[in-house]
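I have placed the structure first, in the form of structure tokens, so that the comments after it can refer back to it.
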Amino acid sequence: MTAPKFTTLGCRLNAYETEAMKELSQQAGLDNLVVVNTCAVTAEAVRKSRQEIRRLRRENPEAQIVVTGCAAQTEPETFARMAEVDTVIGNTEKMQPETWTGMAANFIGETEKVQVDDIMSVTETAGHLIDGFGTRSRAYVQVQNGCDHRCTFCIIPYGRGNSRSVPAGVVVDQIKRLVDKGYNEVVLTGVDLTSWGADLPAAPKLGDLVMRILKLVPDLPRLRISSIDSIEVDENLMQAIATEPRLMPHLHLSLQHGDDLILKRMARRHLRDDAIRFCEEAQRLRPDMTFGADIIAGFPTETEAHFENSLRLVEQCRLTWLHVFPYSKREGTPAAKIPNQVNGKVIKARAARLRAAGEAQVQSHLAAQIGKTHQVLMENPHMGRTEQFTEVRFATPQQEGQIVTAMILGQDGSQLTA
């Protein structure tokens with residue numbers, strides 16, 4: 001009997017859901033199964049998914065290959081046509097126990113090759129919550145799925161559906177269990193995290209959830225929130241930033257660009273000044289606040305002047321940890337139809353310049369930490385992360401999962417040393 005094998009491409013949420021699928025496949029008693037959890041964020045991501053499927057078929061000629069995830073949801077026929085694929089299941093179906101029992105050898109009944117329903121008809125978040133996905137030091141809790149916005153470059157709403165929220169009480173109960181298991185940090189995750197609550201009674205905001213967690217789970221040492229849309233940040237979240245030391249001073253912002261015209265063509269809901277104002281206010285309330293950001297280089301019609309506005313934004317917002325995406329034409333999105341697509345070599349060069357600007361900010365941040373004392377959450381005996389998510393390398397072994405007080409002695413270009 002061979003245990004099911006899983007391969008995950010793409011985001012943290014996909015990785016979270018892979019852990020859930022492992023449990024579901026084990027409960028169904030499945031073996032000799034290979035599951036590929038795909039990503040659809042770019043055309044390149046879909047290509048890599050197909051490449052991975054072919055590789056896994058060569059390595060596992062007798063296994064049943066199941067393809068799921070966002071690429072399977074948005075273009076199921078692409079994968080159904082592949083000779084290597086046995087079954088294609090959607091993002092909703094992959095979280096349902098009956099999908100997995102239907103694949104069992106002793107299952108009596110028809111099992112269709114393609115099991116992908118309309119994701120837009122889904123109105124609740126998958127109830128399959130995992131206690132403790134992550135490292136032994138940090139756990140991730142999915143509180144939201146899907147997105148109601150339609151940015152012109154993005155296919156993800158068609159892979160994830162509309163926004164759905166996990167009720168606050170369910171989230172709090174899960175975090176209490178994680179703290180009881182010894183986790184010292186919890187990260188709230190979702191596709192569009194700042195839209196949490198809009199579909200719940202009384203339409204609470206993400207800040208309400210954060211304040212409720214910190215109040216009702218007093219033994220939780222550290223709460224972190226993942227990528228947010230700064231234009232949707234509510235008053236309570238700003239209050240938590242200002243007053244709650246257990247909320248970590250690191251925010252990853254979905255900015256995408258630094259030029260107002262390009263932001264409008266992307267159908268973003270903020271302008272350049274909104275981003276600058278938010279960063280200034282957050283750092284005023286919490287001087288040790290650091291920011292990461294997603295920025296796209298080479299969006300259709302982007303001129304050198306437009307791009308320079310993105311470059312300047314890195315410095316103006318003091319964006320330390322950048323995720324730079326060279327624009328990739330994604331069929332099925334409005335942006336793919338925009339004339340004046342930017343030359344590929346120009347896109348690559350602009351992405352490199354953005355990364356260099358981000359790296360300069362990292363070096364500045366690292367240098368500023370020398371001589372300071374940080375609370376470091378150990379991920380392994382020799383490496384942990386500060387409150388701002390900066391890596392710290394220790395010469396002497398520390399206890400994994402513990403928060404240690406450390407004086408920063410230096411930096412080696414990518415990490416702090418203690």
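- A 6.0 Å sphere centred on CZ of Arg318 holds no more than 12 heavy atoms belonging to other residues, nucleotides or ligands.
- Using a distance-only test at 3.5 Å, with no hydrogens or angles considered, no donor-acceptor pair links the side chain of Asn14 to the main chain of Cys11.
- Thr396 and Gln398 share no side-chain donor-acceptor pair at under 3.5 Å.
- Residues Val191 and Leu13 share a closest heavy-atom pair of CG2-CD2, 3.3 Å.
- In this structure the side chain of Val404 reaches within 4.5 angstrom of the side chain of Phe394, judged on heavy atoms.
- Here the side chains of Trp100 and Ile89 are in contact, with some heavy-atom distance below 4.5 Å.
- Considering CG of Leu9 and NZ of Lys48, their distance stands at 8.5 Å, rounded to 0.5 Å.
- Two residues are said to be in side-chain contact when any heavy atoms from C-beta on lie closer than 4.5 Å; Arg50 and Thr78 meet this criterion.
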- [ ] Please lay out, stage by stage, how Arg177 and Asp180 fare under the test salt bridge (charged side-chain N to carboxylate O under 4.0 Å, His left out).
- [x] CA-CA 5 Å; Arg177 292 195 300 271; Asp180 287 344; over 6 Å; no
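- Residue-environment remark: CD (Glu304) exceeds the threshold of 12 foreign heavy atoms within 6.0 Å.
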- [ ] Just do the side chain to side chain donor-acceptor pair (under 3.5 Å) check on Ser165 and Asp199 with the steps written out, would you?
- [x] CA-CA 7 Å; Ser165 309; Asp199 57 322; 2.5 Å; yes
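- In terms of heavy-atom proximity, Phe153 sits nearest to Arg330 at O-CB, 4.5 Å.
- Minimum interatomic distance between Asp234 and Asp208 (heavy atoms only, all atoms of both residues): OD2-N, 4.2 Å.
- Inter-residue side-chain proximity for Ile228 and Leu253 is flagged as met; some heavy-atom pair is nearer than 4.5 Å.
- Salt bridge Asp219/Lys176: absent, no basic N to carboxylate O contact under 4.0 Å.
- At least one donor-acceptor pair under 3.5 Å links the side chain of Trp196 to the backbone N or O of Val166.
- Checking Arg222, His374, Gln375, Arg246 one by one against Glu387, the side-chain hydrogen bond (donor to acceptor under 3.5 Å, both in side chains) holds for a single residue, His374.
- Between the CE atom of Met82 and the CZ atom of Arg54 there is a distance of 4.0 Å, given to the nearest 0.5 Å.
- In summary, the side chains of Gln361 and His365 do not present any donor paired with an acceptor at a separation below 3.5 Å, with no hydrogens or angles considered.
- Side-chain atoms of Gln388 and Thr290 include no donor-acceptor pair closer than 3.5 Å.
- The stretch residues 306-317 participates, sequence neighbours left out, in these side-chain hydrogen bond (donor to acceptor under 3.5 Å, both in side chains) pairs: His257-Ser310, Asp259-Asn309, Arg272-Gln316, Thr303-His306, Glu308-Arg353, Asn309-Arg312.
- Between Asp294 and Ser227, the shortest heavy-atom contact is OD2-OG, 4.2 Å.
- Side-chain atoms of Ser226 and Leu193, non-hydrogen and from C-beta on, do get closer than 4.5 Å to each other.
- By the 6.0 Å and 45° rule, Arg150 stacks over the aromatic ring of Tyr158.
- When all heavy atoms of Phe291 and Ala282 are compared, the closest pair comes out as CZ-CB, 3.8 Å.
- A salt bridge is absent between Arg277 and Glu281; no separation between the charged side-chain nitrogens and carboxylate oxygens falls under 4.0 Å.
- For the atom pair Glu23 CD and Glu19 CD, the distance stands at 8.0 Å (nearest 0.5 Å).
- Aromatic ring pairs are classed by plane angle as parallel below 30°, tilted from 30° to 60° and perpendicular above 60°; the pair His252 and His323 is tilted.
- Considering only heavy atoms from C-beta on, Met378 stays 4.5 Å or farther from Ser137 through its side chain.
- No side-chain donor-acceptor contact under 3.5 Å links Gln239 and Glu235.
- The minimum heavy-atom distance linking Phe278 with Met238 is given by the pair CE1-SD, 3.7 Å.
- In this model, a donor atom of one side chain and an acceptor atom of the other lie less than 3.5 Å apart for Asn60 and Lys5.
- Side-chain atoms of Ser163 and Asp192 form no donor-acceptor pair, as typed in the model, at a separation below 3.5 Å.
- Between Glu84 and Arg58 the shortest side-chain heavy-atom distance does not fall below 4.5 Å.
- Inter-residue side-chain proximity for Val210 and Asn236 is flagged as unmet; no heavy-atom pair is nearer than 4.5 Å.
- Under the side chain to side chain contact (heavy atoms under 4.5 Å, CB included) criterion, Asn340 pairs with Thr301, not counting sequence neighbours.
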